[in-house]
Each structure stands twice: as structure tokens, then as C-alpha cells.
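For this chain, numbers begin at 1 and follow the sequence in order.
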Amino acid sequence: MVVAKSETTARWSGFDRRPALIAGGAGGIGRALTSALAERGARVGVLDLADADVGGAELMLRCDLTDPDDVAAAVALATERLGGLSLLVCASGVVSEAPLEELALEEWRRIVDASLTATFLLLKAAVPRLRAAGGGSVCAFSSGWARRPYALGAHYAAAKAGVEALVRSAAAELGDDGIRVNAVAPGPIRTPMLDDLPDFDEAARAEVIPLRRIGEPGDVVGPVLFLLSDESRYLTGQVLEVSGGLVMA
């Protein structure tokens, strides 16, 4: 006996050749998300400063996500080559730790630019294309540290808190255009970013997470797909915590 897929299942499993752009797609979570979107039928383009192959991507563009001219040109070219733009993921970001009194202004700016400024520039460049497509869905990346005190990481926490404020404001502004803007806030995820924290103790960190483990990139993919899909069509301006219970909003 063959059981037909329900309408809900069909919406969730397929993105119907919808053009999607993933900024920061060469990172650990970005790679997993690119592959998952491509498997579900999306036409995926990747923007990243790293020069790397990402499985599932139809288009790879090297782009400095903190440079306004670079971002504007890359989004325009990606939109042309993908045949439009209806899904955008802003997954850029870097992390470092330093005491406040030792934190250089240059390092503050590097961390804030990689997350907050990059997300702003991507939205600015993408909104006219999303509007031309009749609407779309944006998913930005915050962090659990946006809502928890982060000793030695005030610059990273402030950057991610700024992303959440930007998401809520953009959602309020763009709702009339049929553009939804949401975010995910991952907890500690096993990606190369953890290598930037030389004192990171996985066992100790896992002990304070209710699910008792560090996350994997695939743990973030499902929530992002949900926010991009029509299953979340009445959801905007929200931040979905994906931290194993480390942050309970």
C-alpha cells in the first residue's frame, strides 16, 4: 500500500527550487545547512570569505561579509544566477575571549562586524530582492550568549544581542512585504569555531547543559529549515534557542 505524503509533509520536505543564499556557508553549520537545503530542492548559493567547496551549493562566491560593496555585489550576482532570492541565512560570525580591560577596540570591531554588521549589510542588500520575489524568509544567527552573561566575551555577547534586536526591528518593518525575519541562537556546537577558544572544556560545559552534550551542526539544521519553510509562515521576529536547554527563554 502506498501512502501519499500529506500537504504538510510535502511543504516541509521540499523547497521547490526556491533560491536560497547562505552567508557563512563554508562554516560547520553552514555546510550542513547547504547540504540539507539542496537535498530538499532549493537552489543554494553560498557567500563566504573562505575559498572552499561546499557540497550542494550551485554557486560559491567569495565575499567579505563586512564590506558593504562586496556584499551588495555578491547578493546582486547571486540573485541573478539563482533566478531570484526567497530564502536568506545570515550565519556569519567569529568568536574570541579577552578581559574587558585588555580588549582592543580593533578586536571589538572585528567580532561585532562579523556578526552584527554583516547581518545588517546582508539584509540591506537582500530586502529589495526578497520584496521583488513577493516575500521570503530570513534566518539570522544569534547565540545563547546574547542572553547569558559571558565573562571574557562581552564583545561577542553584545554582537549577538544586537543581531536579535535587528531581527525584531526588521520583522516589524518588513511584515507588510511578506518578508519574515527570525533567528536561531545555538549553544556550544562542535564546529571549528570552538578551536578559537583554547580553554574550552567540553566535558565541563556539557555538565551544565540539561541534555548533557555539546551540539552537532545537524542539531541546528532542523530549526533553521523550520524557520525558512512555510511551516513557520505565521512566525516572525522570534529567536529560537537551540542549546540543549542551556538557555530557556
Side-chain angles (χ1 to χ4, degrees), residues 11 14-27 29-93 113-141 163 166-167 169-184 221 224-230 232-233 236-237:
R11 278 203 307 267
F15 283 88
D16 303 321
R17 302 293 290 166
R18 293 169 72 182
L21 192 55
I22 302 179
I29 299 173
R31 284 177 175 273
L33 183 57
T34 297
S35 177
L37 272 171
E39 287 174 2
R40 288 159 176 79
R43 302 189 63 193
V44 186
V46 168
L47 305 183
D48 205 291
L49 190 57
D51 189 10
D53 267 339
V54 178
E58 289 192 25
L59 176 68
M60 286 285 307
L61 295 176
R62 194 169 188 274
C63 177
D64 179 350
L65 297 170
T66 69
D67 182 286
D69 293 333
D70 224 16
V71 172
V75 171
L77 181 57
T79 301
E80 177 185 344
R81 293 195 180 176
L82 294 173
L85 183 62
S86 62
L87 306 173
L88 173 66
V89 177
C90 308
S92 65
D113 281 352
S115 289
L116 179 55
T117 304
T119 301
F120 159 68
L121 292 175
L122 287 160
L123 276 168
K124 181 179 175 67
V127 162
R129 277 86 184 178
L130 294 167
R131 188 180 288 125
S137 183
V138 178
C139 182
F141 271 52
V163 168
L166 175 59
V167 162
S169 297
E173 182 175 332
L174 300 172
D176 281 347
D177 297 308
I179 300 171
R180 299 186 299 107
V181 187
N182 294 291
V184 291
V221 168
V224 175
L225 292 179
F226 167 69
L227 292 175
L228 293 177
S229 77
D230 291 340
S232 62
R233 60 191 174 276
T236 195

Provide the full list of salt bridge (charged side-chain N to carboxylate O under 4.0 Å, His left out) pairs with a residue in residues 61-70, sequence neighbours left out, each pair given once.
none
Are Arg18 and Leu87 packed together at the side-chain level, in the sense that at least one heavy-atom pair is separated by less than 4.5 angstrom?
yes
Roughly how far, to the nearest 0.5 Å, is the OG1 atom of Thr66 from the CG atom of Leu116?
12.0 Å
Ser35 side chain to Gly55 backbone, donor-acceptor under 3.5 Å
no
So, taking the atom named CZ in Arg43 and the one named CZ in Arg17, what distance separates them when rounded to the nearest 0.5 Å?
5.0 Å
Do Thr119 and Leu65 touch side chain to side chain, with heavy atoms closer than 4.5 Å?
no
Does Ala50 have any side chain to side chain contact (heavy atoms under 4.5 Å, CB included) partners at least two apart in sequence or in another chain, and if so, which?
Ala26, Asp48
For Ala91, check side chain to side chain contact (heavy atoms under 4.5 Å, CB included) against everything at least two apart and list the hits.
Val89, Phe141
For residues 170-180, please give each side-chain donor-acceptor pair under 3.5 Å, one per line with the distance, not counting sequence neighbours.
unit_1 : atom_1 : unit_2 : atom_2 : d
Asp177 : OD1    : Arg131 : NE     : 3.3
Asp177 : OD2    : Arg131 : NE     : 3.4
Asp177 : OD2    : Arg131 : NH2    : 3.3
Arg180 : NH1    : Leu227 : O      : 3.4
Arg180 : NH1    : Ser232 : O      : 2.8
Arg180 : NH1    : Ser232 : OG     : 3.1
Arg180 : NH1    : Leu235 : O      : 3.0
Arg180 : NH2    : Ser137 : OG     : 3.4
Arg180 : NH2    : Leu227 : O      : 3.1
Arg180 : NH2    : Ser229 : O      : 3.0
Arg180 : NH2    : Ser232 : OG     : 3.2

Any residue meeting salt bridge (Lys or Arg N to Asp or Glu O under 4.0 Å) with Arg31, in chain and number order, not counting sequence neighbours
none
With sequence neighbours excluded, tell me which residues meet side chain to side chain donor-acceptor pair (under 3.5 Å) with Ser115.
Lys160
Excluding sequence neighbours, so at least two apart, what forms side chain to side chain contact (heavy atoms under 4.5 Å, CB included) with Ala133?
none
So which heavy atom on Leu61 is nearest to which on Ala74, and how close?
CD1-O, 3.6 Å
Exercise: identify the closest heavy-atom pair between Val71 and Ala125:
CG1-CB, 4.2 Å
Would you sort out whether Leu37 and Ile22 count as a side-chain contact (heavy atoms from CB on, under 4.5 Å), showing the intermediate values?
CA-CA 10 Å; Leu37 272 171; Ile22 302 179; 3.9 Å; yes
Mind checking the CG-CZ spacing from Leu166 to Phe120? Nearest 0.5 Å is all I need.
8.0 Å
Considering non-hydrogen atoms only, spot the tightest contact between Ser92 and Ala114 and give its length.
OG-O, 2.7 Å
If you measure from CG on Leu88 to CG on Leu228, what distance do you get to the nearest 0.5 Å?
9.0 Å
For Val138 and Leu130, which heavy atoms make the closest approach, and how far apart are they?
CG2-CD1, 3.7 Å
Can you tell me how far apart OG1 (Thr34) and CD (Glu39) are? Round to the nearest 0.5 Å.
11.0 Å
How long is the straight-line distance from CG of Leu122 back to CG of Leu47, given to the nearest 0.5 Å?
7.0 Å
Which donor-acceptor pairs under 3.5 Å do the side chains of residues 79-86 make with protein atoms, sequence neighbours left out?
unit_1 : atom_1 : unit_2 : atom_2 : d
Thr79  : OG1    : Val75  : O      : 2.7
Ser86  : OG     : Pro19  : O      : 3.4

Between Cys139 and Asn182, is any pair of side-chain heavy atoms under 4.5 Å apart?
no
Could you pull out all residues at least two apart from Thr236 that satisfy side chain to side chain donor-acceptor pair (under 3.5 Å)?
none
